[in-house]
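All values below come from the heavy atoms of this structure, side chains included, with hydrogens, waters and symmetry mates left out.
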Amino acid sequence: MSKDKRERIKTRILILLIITCVIQLGIHWNMQTQRLPFHFVSKIFGGNGRSANLDLDSLRNTYFIPENIMVSISTSFWRLDERDSQFHKIWEDVRDNYLPIIIRQKPDKILPKEQWDAITGARYIRIDFNATWPSNVVNWLIEAKPSDTRSFEGIKSIVIAPQLDVNQAVNTLFVYDGNQIYQYQVNLKKDYLPKSYYLSLADEVSSGNKPSLRLLTAVSKFVSDNDIFVALSAGKGSSFSRINAVIPKEIVLNRANLENYSIQDNILLDEKESLSANFLDSSGYILFTDTENLYRLYNDGVLEYKYLPSISSGQENASAAFKQAVTFIEQRRHLVGEASISLHTIKKENNYYLMEFGYKLDGVPIYFIEDKDSKITAPIVIKANTERILECKWVIRHFSKVDKPVYYNIDFPDLLNNQIASSYPEILENKDNIFERIEPGYIFERSSPKSVVLVPNWIISTNSKNYIIPLLRKEG
């Protein structure tokens, strides 16, 4: 045998040994830590590839979105939501142009929160969020440094008040963080929406087909700590589709989905090889565990996760915890279909952050209740710290529109004098009621069938009870 031939054989054997070592390293690492050290190894052992790093622009566009934008003239209001082009136009201008400026500059004034009603009682554009976004998270999402924050602790609402300064090159903003109000004068640049756009927006919206809204407490004797807006005359009404809500077929709890690894691929992702399964057909759930992680998937589509080791207190960071939470969600987002997922709450607990998320479809909320007598709760609840997810409870449903939208009556006087008076007179008679919401939306129960069609309803929540009243189709 020639020397060259022997060398080629040695080289091939050496390459084979190297490949074998890499494979053994990957298996060992995966079994021990459920994490892979290198991107190329992750590609080999990572299964479905959903554990890739998430794009910050995508997260910003997906989660950092207002609940709604209110346009006002005196005591009349018009709501813009995700179905409206003006909504996206305004929010992109504020998010991309105004926020990076004001987060780095000191406010011109700091006002007490008691002045909020006065500020929001004139002609303005008001941007409201479900959650108070911590400044630490906002910094991360708009790619600012933590040291750049010069004032507010968070963002609950933003008000644009273009009429407060006659200078067309300057606009006035107020940021409300739940504790104080911060006023800013912002010099407009060429990439900003012109000030004339904001000055004329109320006239443009009021002349359109959108229903004019009023504050609930201003047109009724109802009591509320929230700003609840209702339509006194809704014109042609508002359009809604019916929605199909189904447990995703990929995670329906049955032997077939376990044997073909569909549940493991969609729930466990890269950890599927390291977790042992425990399932009895009669138990109603399957358990996946190792020394650190516990996943429990119920036959009603509820996923529970728990990190088993005890957690010691340490330096906590809201943006890192938020990133852990949305990474966990985004890796499984495909399961929820056409619905969007929005942040409802983020608050600091002992050594973690508690975050609650909800569903929306076309800007309309999809609420969740455990059963018909329960209060509305978040379908996704996550506890996370800087390093990992600690606990999660997620009511997973796949949402899709069943048909084209049709118009429904959202007149508050009709609701009050007809449907409430005839079906739920106790709403009018109970003087102790404090109203948390009166709005159109969808709602589903944990005990709902595996597939159910959701229709739009009035969702009325008081401090003691929920009332679900069907929306009526608009006549004509």
Side-chain angles (χ1 to χ4, degrees), residues 56-57 60-61 63-74 76-82 84-111 113 115-116 118-129 132-133 135 137-177 180-208 210:
L56 185 58
D57 285 338
R60 180 167 52 241
N61 296 334
Y63 289 94
F64 192 36
I65 299 177
E67 177 188 9
N68 54 56
I69 296 177
M70 304 298 296
V71 181
S72 78
I73 301 177
S74 186
S76 296
F77 305 83
W78 291 267
R79 177 185 283 114
L80 303 176
D81 61 33
E82 296 173 51
D84 299 300
S85 60
Q86 298 105 319
F87 176 96
H88 299 283
K89 195 173 184 178
I90 293 167
W91 175 233
E92 287 171 9
D93 188 40
V94 171
R95 183 196 65 201
D96 298 340
N97 296 325
Y98 286 84
L99 278 183
I101 296 298
I102 66 175
I103 207 166
R104 292 176 170 90
Q105 73 180 46
K106 290 183 178 180
D108 297 293
K109 293 180 182 178
I110 299 179
L111 307 171
K113 65 179 180 180
Q115 292 191 26
W116 185 244
I119 291 171
T120 57
R123 180 184 285 245
Y124 68 86
I125 297 94
R126 172 176 164 179
I127 302 170
D128 289 324
F129 297 90
T132 299
W133 284 83
S135 59
V137 180
V138 175
N139 282 342
W140 175 64
L141 288 169
I142 67 172
E143 300 181 87
K145 297 177 182 178
S147 58
D148 287 339
T149 303
R150 305 291 296 275
S151 53
F152 52 83
E153 295 296 320
I155 299 177
K156 176 62 177 174
S157 295
I158 299 172
V159 163
I160 307 170
Q163 77 286 353
L164 292 185
D165 195 312
V166 296
N167 188 341
Q168 290 297 304
V170 175
N171 215 349
T172 304
L173 257 72
F174 297 90
V175 175
Y176 179 50
D177 65 3
Q180 296 184 114
I181 305 162
Y182 305 84
Q183 181 177 339
Y184 298 88
Q185 301 295 115
V186 179
N187 295 315
L188 304 185
K189 300 178 181 179
K190 63 177 182 179
D191 295 333
Y192 292 31
L193 287 176
K195 189 172 181 177
S196 58
Y197 175 83
Y198 291 107
L199 286 167
S200 62
L201 183 62
D203 296 325
E204 175 190 339
V205 175
S206 63
S207 63
K210 280 194 165 296

Out of Thr172, Leu201, Ile90, which residue meets the side-chain contact (heavy atoms from CB on, under 4.5 Å) rule with Ile160?
Ile90

When you measure from the side chain of Gln163 to the backbone of Arg123, do you find a donor-acceptor pair of N or O atoms at a distance under 3.5 Å?
yes

For Ile101 and Lys189, what are the C-alpha separation, side-chain angles and deciding distance, and is it a side-chain contact (heavy atoms from CB on, under 4.5 Å)?
CA-CA 11 Å; Ile101 296 298; Lys189 300 178 181 179; 4.2 Å; yes

Measure the spacing between CD of Glu204 and NZ of Lys210 and express it to the nearest 0.5 Å.
11.5 Å

To check you understand the geometry: which heavy-atom pair defines the closest contact between Ile103 and Ala144, and what is its length?
CG2-CB, 4.3 Å

Under 3.5 Å: donor-acceptor pair, side chain of Tyr192, backbone of Asn97:
yes

Please examine the side chains of Leu99 and Ile158, heavy atoms only from C-beta on, and report whether any two atoms are closer than 4.5 Å.
yes

Closest approach of Ile102 and Tyr184, non-hydrogen atoms and distance?
O-CE2, 3.6 Å

Report the C-alpha distance between Tyr98 and Asn171 in whole Å, list the side-chain angles of each, state the deciding distance to 0.1 Å, and finish with yes or no for side-chain hydrogen bond (donor to acceptor under 3.5 Å, both in side chains).
CA-CA 10 Å; Tyr98 286 84; Asn171 215 349; 3.1 Å; yes

Which heavy atom of Lys89 sits nearest a heavy atom of Leu193, and at what distance?
CE-CD2, 3.5 Å

Would you check if the side chain of Lys195 reaches a backbone N or O of Asp165 as a donor-acceptor pair within less than 3.5 Å?
yes

Roughly how far apart are Gln168 CD and Leu199 CG, rounded to 0.5 Å?
6.0 Å

For Leu80 versus Phe87, what's the shortest heavy-atom pair and its separation?
O-CD1, 3.5 Å

Check against side-chain contact (heavy atoms from CB on, under 4.5 Å), Arg95 and Ile127
CA-CA 11 Å; Arg95 183 196 65 201; Ile127 302 170; over 6 Å; no

Side chain to side chain, Val175 and Pro107, heavy atoms closer than 4.5 Å:
no

Arg79 backbone acceptor or donor facing Asn68 side chain under 3.5 Å:
no

Between Gln185 and Asn167, is there a side-chain heavy-atom distance shorter than 4.5 Å?
no

Report yes if the side chains of Asp128 and Pro66 come closer than 4.5 Å at any heavy-atom pair, otherwise no.
no

Could you tell me whether Trp91 and Phe129 have their ring centroids closer than 6.0 angstrom?
yes

When rounded to the nearest 0.5 angstrom, what is the spacing between OG in Ser157 and CG in Asp177?
10.5 Å

Return the minimal non-hydrogen interatomic distance between His88 and Glu82, and the atom names on each side.
NE2-O, 2.8 Å

Please step through side-chain contact (heavy atoms from CB on, under 4.5 Å) for the pair Phe77 and Tyr124, ending with a clear verdict.
CA-CA 10 Å; Phe77 305 83; Tyr124 68 86; 3.2 Å; yes

For a side-chain contact (heavy atoms from CB on, under 4.5 Å) with Leu111, tell me which candidate from Tyr176, Phe174, Tyr182 qualifies.
Phe174

Out of curiosity, Trp116 CH2 to Arg126 CZ, how far, rounded to the nearest 0.5 Å?
6.0 Å

For residues Trp78 and Ser206, report the shortest heavy-atom separation together with the two atoms involved.
CZ2-CB, 3.3 Å

